[in-house]
Amino acid sequence: MTANLSKSIEPMVRANGVHKNFGALTVLKGIDLTVQRGEVMCLVGPSGSGKTTFLRCINHLERVNAGRLYVDGVLVGYEERGNKLHELHPREAAKQRRDIGMVFQHFNLFPHMTALENITEAPIRVKKQPKDKAVANAKRLLDQVGLGEKAKAYPAQLSGGQQQRIAIARALAMDPKLMLFDEPTSALDPELVGEVLDVMKELARGGMTMVVVTHEMGFAREVADQLVFMDDGAVVEMGAPPDVLNSPRELRTKAFLSKVL
């Protein structure tokens, strides 16, 4: 089997026995998950269940304490030598992170930069992309998220929904192979949620591999290939969204869904 063919059948994300502790507190208790290429996985569950921590482990914003996490067949944040893990130099870890886009609850845009400048900053500085190419790509992405007319606007001049769409465009400007979303609509007024979810739906339809922490059950039902319910640092139940939402097997899942559906 050629290397390229082998890579093409490797899952985009593979978590094997992932544990994460913060001091004496164990936040992740052996997570085993697989996300295939082009799939959308939605993680749901109560606050404090470990969803965001797991998401942050995928791009090594948090270090795992045990287990292995792979993105596109490559061990994240570490190299393995003699069955022991050795953490990568921060510069090497940052290189891995370039291929993984992340969108946070709070938009984290640079307030002193326009929408266009926010999107072009990383491609120019990190990827050393020529400015004219970065600007052309940023304008295309602004059109893609429905904000072509806001190129010169500063974050303070934009609504929360518009800022989050700029944040998505900024992540896409690095041409990621994987997109992570950490409750991207939770900080938005209810009437602005739909415009962000619409952009995410378009990404899913375009084949982007996505892992989404969300409380938007309608979005999960419509878009997700896999729905994962987490509680107390563990995967309690997972499956196709209609199966988990309509016919949950576990009592804990039933109790949670009874409060949110």
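Throughout, numbering of the chain's residues begins at 1 and tracks the sequence. Just the heavy atoms: all of them, side chains too, but no hydrogens, waters or symmetry mates, feed the values below.
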> Atom CG in L180, atom CZ in F54: separation rounded to 0.5 Å?
Replying inline: 9.5 Å
>> With a 3.5 Å distance limit and no angle check, can you tell me whether Q164 reaches the backbone of P184 through a side-chain donor-acceptor pair?
In response: yes
> Taking everything shown except L251 itself, do over 12 heavy atoms lie less than 6.0 Å from its CG?
Replying inline: no
>> Once salt bridge (charged side-chain N to carboxylate O under 4.0 Å, His left out) is applied, do any residues pair with R249, and if so which ones, sequence neighbours excluded?
In response: E237
> Within a strict 4.5 Å, meaning less than it, do heavy atoms of the V135 and L116 side chains meet?
Replying inline: yes
>> For a quick test of reading the model, state the closest non-hydrogen atom pair linking L85 to G67 and the distance between them.
In response: CD1-O, 3.9 Å
> Do side-chain atoms of N59 reach the backbone of I100 as a donor and acceptor pair under 3.5 angstrom?
Replying inline: no
> If you take all heavy atoms of A171 and P176, which pair is closest and at what distance?
Replying inline: O-CD, 3.5 Å
>> My understanding is that only residues two or more places apart in sequence, or in another chain, count here; which of them pass side chain to side chain donor-acceptor pair (under 3.5 Å) with T52?
In response: D182
> What distance do F110 atom CZ and E121 atom CD have between them, rounded to the nearest 0.5 Å?
Replying inline: 6.0 Å
>> Tell me which pairs pass salt bridge (charged side-chain N to carboxylate O under 4.0 Å, His left out) where either residue lies in residues 76-85, with sequence neighbours left out.
In response: R68-E80, E79-R81
> More than 12 heavy atoms of other residues, nucleotides or ligands under 6.0 Å from NZ of K127: is that the case?
Replying inline: yes
>> Please check: side-chain N/O of Q96 versus main-chain N/O of G77, any donor-acceptor pairing under 3.5 Å?
In response: yes
> Does the side chain of D32 reach to within under 4.5 Å of the side chain of V235, using non-hydrogen atoms?
Replying inline: no
>> Does anything in residues 40-60 form a salt bridge (charged side-chain N to carboxylate O under 4.0 Å, His left out)? List the pairs, not counting sequence neighbours.
In response: R56-E62
> Considering all heavy atoms of both residues, which atom of P11 and which atom of Q36 are nearest to each other, and what is their separation?
Replying inline: CA-OE1, 3.8 Å
> Rounded to the nearest 0.5 Å, what separation is found between the CD1 atom of I58 and the OG1 atom of T53?
Replying inline: 11.5 Å
> So do the side chains of K177 and M12 get within less than 4.5 Å of each other, counting heavy atoms only?
Replying inline: yes
>> Within the structure provided, determine whether V13 and M41 are in side-chain contact (heavy-atom separation under 4.5 Å).
In response: no
> Can you tell me how far CG of N137 sits from CG of D132, rounded to the nearest 0.5 angstrom?
Replying inline: 11.5 Å
> Linking I/L/V/M/F/W/Y whenever their side-chain heavy atoms sit closer than 4.5 Å, directly or via other members, would V223 and V211 fall into one cluster?
Replying inline: no
> At what distance, to the nearest 0.5 angstrom, does CG of D175 lie from CG of L172?
Replying inline: 9.0 Å
> Would V199 and L141 show up in the same hydrophobic cluster when neighbours are defined by side-chain heavy atoms closer than 4.5 Å?
Replying inline: yes
> Quick one: do F219 and L192 end up in the same hydrophobic cluster if we chain Ile, Leu, Val, Met, Phe, Trp and Tyr together by side-chain heavy atoms under 4.5 Å apart?
Replying inline: yes
> Do V71 and L75 belong to the same hydrophobic cluster, where Ile, Leu, Val, Met, Phe, Trp and Tyr are linked whenever their side-chain heavy atoms lie under 4.5 Å apart, directly or via other members?
Replying inline: yes
> Which heavy atom in P248 sits nearest to a heavy atom in T253, and how many Å separate them?
Replying inline: CB-CG2, 3.8 Å
>> As a quick check of understanding, evaluate side-chain contact (heavy atoms from CB on, under 4.5 Å) for Q144 and L203, giving each step before the final call.
In response: CA-CA 10 Å; Q144 183 178 332; L203 286 179; 3.7 Å; yes
>> Please give me the minimum heavy-atom distance between V196 and G161, naming the atom from each residue.
In response: CG2-O, 3.7 Å
> Is a donor on one side and an acceptor on the other found under 3.5 Å between the side chain of Q226 and the backbone of T34?
Replying inline: yes
> Should the heavy atoms of other residues, nucleotides or ligands under 6.0 Å from CZ of R91 be counted, would the total exceed 12?
Replying inline: no
>> Assess the residue pair F229 and L245 against the criterion (side-chain contact (heavy atoms from CB on, under 4.5 Å)); give the C-alpha distance rounded to whole Å, side-chain angles, the decisive distance to 0.1 Å, and a yes or no.
In response: CA-CA 10 Å; F229 172 64; L245 295 174; over 6 Å; no
> CZ/R170 to CD1/I119 distance, rounded to the nearest 0.5 angstrom?
Replying inline: 9.0 Å
> Can you tell if the side chain of F181 reaches within under 4.5 Å of the side chain of I168, non-hydrogen atoms only?
Replying inline: yes
> With a 4.5 Å limit on heavy-atom distance, are the side chains of M238 and L33 in contact?
Replying inline: yes
> If you take all heavy atoms of Q163 and L158, which pair is closest and at what distance?
Replying inline: NE2-O, 3.3 Å
> When you measure from the side chain of E92 to the backbone N and O of H89, does any donor-acceptor pair fall under 3.5 Å?
Replying inline: no
> Residues in salt bridge (charged side-chain N to carboxylate O under 4.0 Å, His left out) with R14, at least two apart?
Replying inline: E10
> Looking at residues at least two apart in the chain, or sitting in another chain, which of them share a salt bridge (charged side-chain N to carboxylate O under 4.0 Å, His left out) with D232?
Replying inline: K29
> Hey, does L69 have a side-chain heavy atom less than 4.5 Å from the side chain of V64?
Replying inline: yes
> Do L28 and M230 have side-chain heavy atoms sitting under 4.5 Å apart?
Replying inline: yes
> Backbone N or O of G148 within a donor-acceptor pair of the K139 side chain at under 3.5 Å?
Replying inline: no
> Run the side-chain contact (heavy atoms from CB on, under 4.5 Å) check on H60 and Y78 step by step: do they pass?
Replying inline: CA-CA 9 Å; H60 202 56; Y78 298 88; 3.6 Å; yes
> Hey, is the main chain of V40 close enough, under 3.5 Å, to the side chain of D225 for a donor-acceptor pair?
Replying inline: yes
>> Which residue is it: L227, V260, V212, D231? I am looking for the one with a side-chain contact (heavy atoms from CB on, under 4.5 Å) to V44.
In response: L227
>> Determine whether a donor-acceptor pair (N or O, by modelled atom type, separation under 3.5 Å) exists between the side chain of S159 and the backbone of Q162.
In response: yes
> When hydrophobic residues are tied together by side-chain contacts of less than 4.5 Å, even through go-betweens, does L197 share a cluster with L43?
Replying inline: no
> Within a reach of under 6.0 Å around NZ of K201, are more than 12 heavy atoms found that belong to other residues, nucleotides or ligands?
Replying inline: yes
> Where do M102 and L61 land on the side-chain contact (heavy atoms from CB on, under 4.5 Å) test, with the steps shown first?
Replying inline: CA-CA 11 Å; M102 187 158 185; L61 288 176; 3.8 Å; yes
